Amino acid sequence: MTLALYGHPFSSYTQKALIALYESGTDFEFRIIGPDTPAHVEDWIQRWPLRKFPMLLDDERQFTETSIIIEYLHLAHPGPVPLIPADPMAALAVRFMDRVFDLHVMDPVQLAVDTALGRYPMPPDEGRRMAAERLERAYGWLDSQMTARDWATGEAFTLADCAAAPALFYADWVHPIPPSCPALRAYRRRLLARPSIAPVVDEARPYRHLFPLGAPERD
Ligand SMILES: N[C@@H](CCC(=O)N[C@@H](CS)C(=O)NCC(=O)O)C(=O)O
C-alpha cells in the first residue's frame, strides 16, 4: 500500500477527498486523525505544520488542499470517471464550481461551526446568522445553475461534485435549502444517493454528536 489519506470521517474536506478516491476505485489506507491514533496526528503535524486535513501521502510525495489532492489523483491514479475534463474550457468550468462550493458554501458553514466552537470572538447566533445570509445568496445562484444539470457543470460527475457533496450536506444542516430552490434540493439528494458518496455519509454517522450546532434527525 503506497497511498494514505490522513483525515477524519466527519470532516467535510476529508469527505471531499474520500469521494474522489472512491470514484477512482484506488486502494488507499485511511489514517484517521483523532485521539485514538496519536501516531497519525504526530506524523501529520510533522509533515504539515499548517495543521489542516486531509493530507494525501503517495510514497514520500505529500499533498494537501483537497482540490490539489484531487487534481493529483486525476493525474497519478485515474479511475473510470475523469474528475477533470480533458477539454481545457470544460476543466475551467469545473475548477470554478469547485471554488464556488468551497468558498461560498463550505466557508460559511465553517464560520457557523467555528463560532459555535468559540473560535471567533462573537456569539454563536451571530456566526450562524452571518452564515445563513451568505448561504441564502449562494443557494439562490446555485439553484439557477442546477435547473438543467444533473451534476455541478453538466452531465458528468467531476471534482466540482466532490466539493459540492459535503458542502451542501453540512450547509443544509446549518441553514436548510429552502423549497424555493427545488433544483438545488434535488441535486443534494442526487449527490447523497451516489455510490461513492453514500458510504462516506455512513462512515461519518457515528460522529454526528460532534456537530456543534446539533445534527438533525435526517440524512
Ligand atoms: N482548503 C483546505 C481546507 C481544509 C480544512 O479546513 N480542513 C479542516 C477539517 S474539515 C481542518 O483541518 N480543521 C482543523 C482546524 O481548523 O483546526 C482544503 O481544501 O483541504
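Being a predicted model, the structure only gives us computed values, none of them experimental. One-based numbering, in listed order, for ligands and for the atoms of each. What's counted below: heavy atoms across the whole structure, side chains too, no hydrogens, waters or symmetry copies.
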task: Say whether Phe53, considering both its backbone and side-chain N or O atoms, lies within less than 3.5 Å of an N or O atom on ligand 1.
output: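 Looking only at distances, the answer is yes, because the N/O contact criterion of under 3.5 Å is met.
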query: N/O to N/O below 3.5 Å, does that happen between Thr66 and ligand 1?
result: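 So ligand 1 has an N or O lying under 3.5 Å from an N or O of Thr66.
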task: May I ask you to identify, for Met55, whether its side chain, its backbone, both or neither come under 4.0 Å of ligand 1 on a heavy-atom basis?
output: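 No part of Met55 is near ligand 1 at this cut-off.
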Write out the residue and atom name of the closest protein heavy atom to [atom], then the distance separating them to 0.1 Å.
{"atom": "atom 14 (C) of ligand 1", "answer": "Arg51 O, 4.1 Å"}
{"atom": "atom 2 (C) of ligand 1", "answer": "Glu65 OE1, 3.3 Å"}
{"atom": "atom 17 (O) of ligand 1", "answer": "Arg119 NH2, 3.8 Å"}
{"atom": "atom 10 (S) of ligand 1", "answer": "Ser11 OG, 3.2 Å"}

message: Taking the ring centre of each residue, are His77 and Phe28 less than 6.0 Å apart?
response: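 Between Phe28 and His77, which both carry aromatic rings, the centre distance is not below 6.0 Å.
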query: Are Tyr6 and Trp44 close enough that their ring centres sit under 6.0 Å apart?
result: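 They do not qualify: ring centres at least 6.0 Å apart.
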Distance under 4.0 Å to a non-hydrogen atom of [X]: what atoms of ligand 1 satisfy this?
{"X": "Lys52", "result": "5 (C), 6 (O), 11 (C), 12 (O), 15 (C), 16 (O)"}
{"X": "Gln110", "result": "6 (O)"}
{"X": "Ser12", "result": "10 (S)"}

message: What I'd like to find out is whether the side chain of Leu3 reaches to under 4.5 Å of the side chain of Leu21, using heavy atoms alone.
response: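 A side-chain contact exists here, since the closest heavy-atom pair is under 4.5 Å.
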task: Without swapping roles, check the side chain of Ser11 against the backbone of Thr14 for a donor-acceptor pair under 3.5 Å.
output: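 Yes; at least one donor-acceptor contact below 3.5 Å.
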task: Output yes when a side-chain donor or acceptor of Arg190 lies under 3.5 Å from a complementary backbone atom of Trp151, and no otherwise.
output: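 No.
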query: When you check the side-chain N and O atoms of Thr2 and Asp59, is any donor under 3.5 Å from an acceptor?
result: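 Side chains of Thr2 and Asp59: no pair found under 3.5 Å.
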Arg51 atom CZ, over 12 foreign heavy atoms within 6.0 Å: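 Atom CZ in Arg51 is not crowded, with 12 or fewer foreign heavy atoms closer than 6.0 Å.
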